[in-house]
Asks: 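A single structure is presented below for examination.
Below, chain A is the first sequence line, B the second, and so on; all start at residue 1. Everything quoted here is computed from the prediction, not taken from an experiment.
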Amino acid sequence: MAGPNEQVAALLQEYADLISITGGEEFKARVYERAARAVAGYPTDVSTLDQDELQQIPSVGASIAEKISEYVHTGQMPAIEQLRAQVPAGIRELIKIPTLGPKRAKVLHEQLGISSVPELAEAIDAGRLAELRGFGRRTEENLRHGIELLRAAGQRALLPVAMSLAEEVVAALSAVPGCVRCTYAGSLRRMQETIGDVDVLAAADDSAPLMDAFTRLPRVTEVISHGPTRSSVRTDAGLQVDLRVVEPAVWGAALQYFTGSKAHNIRLREIALRAGLTLSEYGLHRTDDGALVVAETEEEVYARLGLPWIPPPLREDRGEIEAALAGELPELVRWEDLRGDLHSHTDLTDGVAPLSELVAAARDRGFRYFAITDHAKDLPMQRMTDEKMLAQREQLRQLDTGRMVLLHGTELNIGPEGEVDWDEDFLAGFDLCIASVHSHFQQPREQLTRRLIRACEHPYVNVLGHPTTRQIGRRPPLDVDYDAVFEAAARTGTALEINSYPDRLDLPDEWIQRARRYGVRFAINTDAHAPTHLDYLRYGVGIARRGWLTAAEVINTWPLSRLRKFVAAKRRKAHR
DNA sequence: GCCGTTTTCGGCCCGACTGTTTTCAGTCG
């Protein structure tokens with residue numbers, strides 16, 4: 001989803017890197033970094049903004065606004081071209097090596113003429129780093145190791161992998177004598193869609209037993225650092241885990257700090273400074289005499305800065321600070337608000353469990369209603385027929401004991417022209433229908449856009465399933481004008497799915513935030529292909545919260561009667 | 001280069017760990 005904002009943000013970040021590498025003003029580099037983050041998180045497409053409007057973006061002033069519009073109009077940013085001419089492209093690769101930053105990359109380039117990762121590896125092997133001041137034997141080893149890690153392509157982990165590792169570490173550390181509290185923080189607490197490393201926070205008066213237990217956990221393969229307040233390890237999952245131990249009295253400040261995001265925290269510290277305070281993991285202190293103001297709970301820290309407590313999924317500096325200051329934070333949807341799941345598969349198609357088992361598993365989770373939505377007949381590999389579908393409906397009615405209402409649905413296939421399976425008479429027999437794209441991903445943008453809009457306009461399509469069809473790390477999102485699709489979904493009364501499957505998480509959070517401005521409704525679904533997949537709902541809720549969704553916008557928080565009216569209204573409207 | 005309930009100039013987020021070096025710079029989160 002490299003839209004204009006992402007492209008501009010990447011260029012501004014590159015510019016910041018180049019300033020650092022060429023030894024330019026550090027403050028200038030930091031401004032470009034801040035501006036890059038602000039542009040990436042800005043809800044409006046920057047290519048539609050004029051100079052004045054661009055300057056409304058935080059950290060974007062006259063100079064950066066000018067560079068952005070140059071890029072929008074010419075496809076070039078001359079300032080960056082100039083710096084690129086001075087710095088070989090490979091040097092930017094160098095600073096991706098862990099433990100190697102812009103300062104020493106500059107030294108390597110100027111003194112040894114190294115301008116790529118392979119050249120660095122060669123120089124290390126030839127012992128040429130020894131002649132440099134500040135590069136000892138350990139540094140050499142660390143760089144060698146860093147290059148290996150970079151080559152192993154430290155891909156980010158999906159949520160369940162990181163979550164189970166985090167829960168294991170937290171459970172082990174909580175059992176260590178002297179541990180007062182322990183939890184995970186960082187991007188996992190914010191429910192980011194993928195996790196680069198796991199942050200764990202503990203409170204204890206004496207940190208040593210916790211640090212020792214941590215570095216000796218069975219899944220630890222390498223101890224990266226080991227200190228009294230912070231230690232880092234690499235695990236057999238390839239994921240790095242950082243542990244911070246603080247005194248119980250500063251728990252809240254530390255939790256706030258280690259939850260991030262970095263951009264959110266920087267904003268908070270700036271607010272603190274203006275109020276004559278400094279904020280760190282040890283609490284909020286008065287700048288003049290260093291006296292502690294608050295530290296015990298997150299709520300106190302935010303309150304003292306004049307803010308309500310901000311839920312972790314919002315802490316990305318994407319407007320939550322402004323909303324909090326204005327008293328306009330959304331009341332986010334919670335897992336408890338969901339009354340049921342509207343997307344699941346049995347072994348009639350590509351699920352693994354028979355209908356009765358999947359229904360029993362859903363009932364165990366306390367759902368009030370549950371939709372079975374096996375694939376329809378246009379996906380040949382599923383071998384679906386009218387007879388099989390009708391037989392399943394009959395079986396489903398018999399399993400319906402009333403304690404959890406069973407809905408009979410289907411996941412229709414959106415064909416190349418936007419058409420779906422079955423005629424309207426057959427579709428009228430379903431309680432609700434999802435429709436999704438499963439093939440022809442490479443169509444031109446205009447055609448794909450028309451295809452999704454046409455699906456929204458179909459009277460029997462109630463939910464657009466996994467709307468971008470992306471698979472994290474494997475398949476990019478469809479190239480579609482989603483603004484047009486969101487408008488069509490809102491106009492036609494078609495809900496957008498938030499698919500909770502960990503490698504989908506589709507819609508992604510930025511798109512949710514954007515779609516809700518059109519007045520769209522959403523459905524947080526599991527797309528379960530096995531009973532255990534029903535537990536993925538927590539990840540869908542996490543992404544929905546990151547997209548600023550409230551319960552009112554999510555159709556499967558509604559009572560069944562309202563959900564049925566939502567379906568009926570669209571069918572009626574089409575036949576008037 | 002940006003920004004302002006102490007500022008239109010003079011600041012700019014904070015602290016831990018490592019490694020190399022005798023007091024600190026670089027990197028990271």
Asks: Please state how far atom CG in A/L83 lies from atom P in B/dG1, giving the value in whole angstrom units.
Replies: 11 Å
Asks: Between A/R546 and A/E316, does any NZ, NE, NH1 or NH2 come within less than 4.0 Å of an OD or OE carboxylate oxygen?
Replies: yes
Asks: Do NZ/NE/NH1/NH2 and the carboxylate oxygens of A/R516 and A/E510 come within less than 4.0 Å?
Replies: no
Asks: On a whole-Å scale, what distance lies between the C1' atoms belonging to B/dC12 and B/dT18?
Replies: 27 Å
Asks: Set out, line by line, the N/O atom pairs under 3.5 Å between protein and nucleotides 27-29 of chain B.
Replies:
from: B/dT27; atom 1: OP1; to: A/G101; atom 2: N; distance (Å): 2.7
from: B/dT27; atom 1: OP1; to: A/G101; atom 2: O; distance (Å): 3.1
from: B/dT27; atom 1: OP1; to: A/R104; atom 2: N; distance (Å): 3.1
from: B/dT27; atom 1: OP2; to: A/K103; atom 2: N; distance (Å): 3.1
from: B/dT27; atom 1: O5'; to: A/G101; atom 2: N; distance (Å): 3.3
from: B/dC28; atom 1: OP1; to: A/T99; atom 2: N; distance (Å): 2.7
from: B/dG29; atom 1: N2; to: A/Y257; atom 2: OH; distance (Å): 2.5

Asks: Using whole Å, what does the distance between atom P of nucleotide B/dC3 and atom CD1 of A/I57 come to?
Replies: 11 Å
Asks: Could you check how far CZ of A/R274 sits from P of B/dC2, rounded to whole Å?
Replies: 17 Å
Asks: Less than 4.5 Å apart, any side-chain heavy atom of A/C182 and any of A/L201?
Replies: no
Asks: Classify A/L268 by what it touches in the nucleic acid, base, sugar-phosphate, or nothing, heavy-atom distance under 4.0 Å.
Replies: nothing
Asks: Distance check needed: B/dG1 P versus A/Q55 CD, whole Å only.
Replies: 13 Å
Asks: Under 4.0 Å from any atom of DNA chain B, heavy atoms only: list the residues of residues 58-82 of chain A that qualify, in numerical order.
Replies: A/P58, A/S59, A/V60, A/G61, A/A62, A/S63, A/I64
Asks: With P as the reference atom in both, quote the distance from B/dT21 to B/dG15 in angstrom, rounded to an integer.
Replies: 28 Å
Asks: Between A/R470 and A/D506, does at least one N-O distance fall below 4.0 Å, as a salt bridge requires?
Replies: no
Asks: Once you round it to whole Å, what is the distance between C1' of B/dG19 and NE2 of A/H226?
Replies: 18 Å
Asks: For A/E33 and B/dC2, give me the distance from atom CD to atom P, rounded to whole Å.
Replies: 15 Å
Asks: Hey, does A/R189 have a side-chain heavy atom less than 4.5 Å from the side chain of A/L255?
Replies: yes
Asks: Does any non-hydrogen side-chain atom of A/F258 lie less than 4.5 Å from one of A/V200?
Replies: no
Asks: Tell me, which of residues 123-143 of chain A have any heavy atom that sits under 4.0 Å from an atom in DNA chain B?
Replies: A/G134, A/G136, A/R137, A/R138, A/T139, A/N142
Asks: What nucleotide, of B/dC17, B/dA16, B/dC14, holds the atom closest to the side chain of A/P228?
Replies: B/dC17
Asks: Quick one: salt bridge (Lys or Arg N to Asp or Glu O under 4.0 Å) pairs with a partner in residues 236-265 of chain A, sequence neighbours left out?
Replies: A/R219-A/D236, A/R244-A/E281
Asks: Quick check on contacts: within residues 296-329 of chain A, what sits under 4.0 Å from DNA chain B by heavy-atom distance?
Replies: none
Asks: Find the distance A/F27:CZ to B/dC9:P and express it as a whole number of Å.
Replies: 19 Å
Asks: At under 4.0 Å, does any side-chain N or O of A/Y32 touch on OP1 or OP2 of B/dC12?
Replies: no
Asks: Heavy atoms, side chains only, cut-off 4.5 Å: are A/L129 and A/L108 in contact?
Replies: yes
Asks: Over all strands shown, is A/S231 touching base, sugar-phosphate only, or nothing at heavy-atom distances under 4.0 angstrom?
Replies: nothing
Asks: Rounded to the nearest 0.5 Å, what separates atom CD1 in A/I19 from atom CZ in A/F27?
Replies: 13.0 Å
Asks: Between B/dC9 and B/dC14, how far apart are the two P atoms, rounded to whole Å?
Replies: 25 Å
Asks: Contact between A/W251 and A/T183 at the side-chain level, heavy atoms closer than 4.5 Å - yes or no?
Replies: yes
Asks: Please report, rounded to the nearest Å, how far the P atom of B/dA16 is from the CZ atom of A/F214.
Replies: 17 Å
Asks: Give A/E25 one of three labels, base, sugar-phosphate or nothing, depending on what nucleic acid heavy atoms sit under 4.0 Å from its own.
Replies: nothing
Asks: Could you tell me which residues satisfy salt bridge (charged side-chain N to carboxylate O under 4.0 Å, His left out) with A/R475, sequence neighbours excluded, listed by chain and number?
Replies: none
Asks: Find out whether A/V169 and A/Y184 are in side-chain contact, i.e. whether some heavy atom of one side chain is under 4.5 Å from a heavy atom of the other.
Replies: no
Asks: Applying side chain to side chain donor-acceptor pair (under 3.5 Å) between A/Y71 and each of A/Q7, A/E66, A/Q76, report the one that passes.
Replies: A/Q7
Asks: Would you measure the distance from the C1' atom in B/dG1 across to the matching atom in B/dT5 and give it in whole Å?
Replies: 24 Å
Asks: Quick check: on DNA chain B, is the nucleotide nearest A/Y15 upstream (toward 5') of the one nearest A/S280, or the reverse? Name the residue that is more 5'.
Replies: A/Y15
Asks: When rounded to the nearest Å, what value does the distance between C1' atoms of B/dC3 and B/dT8 take?
Replies: 9 Å
Asks: Are A/L314 and A/R545 close enough that some pair of their side-chain heavy atoms sits under 4.5 Å apart?
Replies: no
Asks: Find the partner of B/dT8: check Watson-Crick (N1-N3 plus N6-O4 or O6-N4) and G-U wobble (N1-O2, O6-N3) distances, both under 3.5 Å, and reply none if neither fits.
Replies: none
Asks: In whole angstrom, give me the gap between the C1' atoms of B/dG26 and B/dT20.
Replies: 11 Å
Asks: Does the side chain of A/I21 come within less than 4.5 Å of A/L94's, by heavy atoms?
Replies: no
Asks: I'd like to know if A/E141 and A/R137 make a salt bridge, using a cut-off of under 4.0 Å between side-chain N and carboxylate O.
Replies: yes
Asks: Can you tell me if A/T229 touches the phosphate of B/dC17, counting only side-chain N or O atoms and a distance under 4.0 Å to OP1 or OP2?
Replies: yes
